[in-house]
Protein chains: 2
Amino acid sequence: MNLTRQAEDYLKVIYEIEQGGAPAATTSIAEELNIAAASVSGMLQRLARLGLVKVERYRGARLTAPGRAVALQLLRRHRIIESFLVTKLGYGWDDVHEEAERLEHAASSELIDRMADALGNPTEDPHGAPIPTAAGRVDERRLSSIADMKTGSRARVVRMSDRDPEFLRYLKKRGIVPGANVRVTAREPFEGPITLTVGRVRQAIGAAAAALVYVDDARA
Amino acid sequence: MNLTRQAEDYLKVIYEIEQGGAPAATTSIAEELNIAAASVSGMLQRLARLGLVKVERYRGARLTAPGRAVALQLLRRHRIIESFLVTKLGYGWDDVHEEAERLEHAASSELIDRMADALGNPTEDPHGAPIPTAAGRVDERRLSSIADMKTGSRARVVRMSDRDPEFLRYLKKRGIVPGANVRVTAREPFEGPITLTVGRVRQAIGAAAAALVYVDDARA
DNA sequence: ATAATAAGTTAGTACGTACTAACTTTAATT
DNA sequence: AATTAAAGTTAGTACGTACTAACTTATTAT
């Protein structure tokens with residue numbers, strides 16, 4: 001199955017959106033890829049013709065098994081490349097997403113496997129995201145985010161969205177990195193700021209940001 | 001200047017063909033890229049519109065300064081990637097061309113520079129080809145090949161074509177690698193085999209192969 | 001110099017992937 | 001239930017990049 005870069009990107013975002021539970025809506029895909037909804041409708045038909053997605057008209061798309069396999073391979077590539085860039089080439093964790101985004105389509109499986117070997121076959125990337133195996137197995141546990149934590153609860157940060165370098169730098173400056181222990185000391189209602197204690201430091205972050213930082217157990 | 005993968009490939013082969021002296025003929029480009037001549041005609045017009053090549057109708061194309069700059073960047077990328085794969089990821093020198101061919105279009109300049117740094121800024125790739133600097137300077141000396149050597153002459157192998165893995169394995173098995181010393185002990189006329197002494201071993205190779213192995217000085 | 005061959009170009013087609021504009025379906029509101 | 005808003009689709013267009021077929025120009029051989 002030789003797919004174009006674009007087709008691969010579609011599959012990847014469909015996978016990610018589907019992790020939310022529901023089928024991937026046309027507009028969500030369009031937003032994620034920054035293209036018009038009409039273009040998505042067209043591409044979904046092609047992907048369906050290729051047997052990579054199952055489209056229910058007006059309802060959204062779901063990956064088929066083959067489509068899912070492609071998406072998982074891309075995820076694996078992306079995360080191994082990110083790890084490699086950080087560990088072996090001195091990239092900052094905030095600055096690898098874009099580079100990986102391009103390389104993941106160009107790298108052969110052999111290259112990915114060699115990189116993984118060189119890294120000791122890590123199971124997580126620098127942002128805490130699990131790396132699918134070459135066979136396509138991955139931990140898909142649904143994590144809670146800081147936004148889900150009750151006031152007074154503690155948790156360990158395990159993962160965060162890697163999309164926005166700015167965001168990652170913001171988090172890092174505040175000590176919010178995988179492994180950090182946080183305690184929610186106060187919450188404002190109506191999507192208001194959440195006050196955290198990270199280490200000894202107390203600080204407030206917005207609800208939107210909090211929703212992008214995942215923790216091992218929001219109820220501990 | 002944001003070019004497609006294809007446009008970049010055209011510029012690269014035009015550069016390589018032009019190294020032979022003459023402008024790059026439509027058919028040569030077509031052959032190198034494995035596409036129809038008609039497609040080349042079309043693309044040359046687009047590249048000309050972009051100011052990357054100068055086309056003389058029915059005569060061939062030459063790179064402009066900007067076009068040349070793009071080609072040299074690609075060459076730099078290609079060769080640094082090849083070096084990195086061999087040195088840092090355990091690839092065989094015969095097996096890196098294709099991988100580099102894809103990655104060179106996806107890698108950022110930053111990545112290339114970081115790889116180059118990690119390698120200690122090498123000036124040659126594993127096949128002996130000179131690596132252009134980030135500023136686009138490169139040694140373009142025309143080298144003679146084994147096919148140019150007179151009977152009885154000696155020379156040092158400095159470089160060989162990296163296109164065909166089979167060919168590279170063939171050469172390696174015979175000790176014909178960059179740095180090897182060869183002596184031409186006999187030549188058959190009419191493009192016949194050339195008998196070489198490499199180290200202590202004597203062997204004959206075809207004229208076509210000999211033309212793809214470059215040496216420092218055929219007349220020594 | 002003419003004819004034959006090789007090289008190159010143009011015209012017309014196809015496919016992938018995007019777009020906008022217009023329309024349809026679904027969901028939400030009253 | 002009817003209306004409106006939101007989401008999704010279709011139709012028509014454009015561009016990049018390939019193709020084949022037909023034609024033109026350049027080169028070579030006689």
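Below, chains carry the letters A, B, ... as their sequence lines are ordered, and counting in each starts from 1. Owing to the predicted nature of the structure, the values given are computational and were not obtained by experimental measurement.
The distance from atom CZ of B:Arg5 to atom P of C:dT17 is 15 Å, rounded to the nearest whole Å. The CG atom of A:Asn2 sits 18 Å away from the P atom of C:dC15 (whole-angstrom rounding). The CG atom of B:Leu3 sits 14 Å away from the C1' atom of D:dT17 (whole-angstrom rounding). Between the C1' atom of C:dA18 and the CG atom of A:Asp9 lies a distance of 14 Å, rounded to the nearest Å. Distance, A:Ile29 CD1 to C:dT17 C1': 15 Å, rounded to whole Å. For the pair B:Gln6 CD and D:dG16 C1', the computed distance is 8 Å after rounding to whole Å. Atom-to-atom, CD1 of B:Ile35 to C1' of D:dG16 comes out at 12 Å; the value is rounded to the nearest Å.
Scanning residues 52-73 of chain B for heavy-atom distances under 4.0 Å to DNA chain D yields B:Tyr58, B:Arg59. Taken residue by residue, residues 36-49 of chain B places heavy atoms nearer than 4.0 Å to DNA chain D at B:Ala36, B:Ala38, B:Ser39, B:Met43, B:Arg46.
Pairs passing the side chain to side chain donor-acceptor pair (under 3.5 Å) check and including a residue from residues 28-50 of chain B, sequence neighbours excluded, read B:Glu32-B:Arg163.
Using a 4.0 Å cut-off between charged nitrogen and carboxylate oxygen, A:Glu16 and A:Lys12 do not count as a salt-bridge pair. Here B:Arg5 does not pair with B:Glu8 in a salt bridge; the nearest charged N to carboxylate O distance is not below 4.0 Å. A salt bridge is defined here as a Lys NZ or Arg NE, NH1 or NH2 lying under 4.0 Å from an Asp or Glu carboxylate O, and A:Asp113 with A:Arg76 meets this definition.
Remark: the A:Arg102 side chain and the B:Ser108 side chain contain no N/O donor-acceptor pair separated by less than 3.5 Å. Residues B:Asp162 and B:His78 bring a donor and an acceptor atom of their side chains to less than 3.5 Å of each other.
In this structure, CG on A:Asp9 lies 3.5 Å from NE2 on A:His105, to the nearest 0.5 angstrom.
Annotation: side chain of B:Ile176 is in contact with side chain of B:Met160 (closest heavy-atom distance under 4.5 Å).
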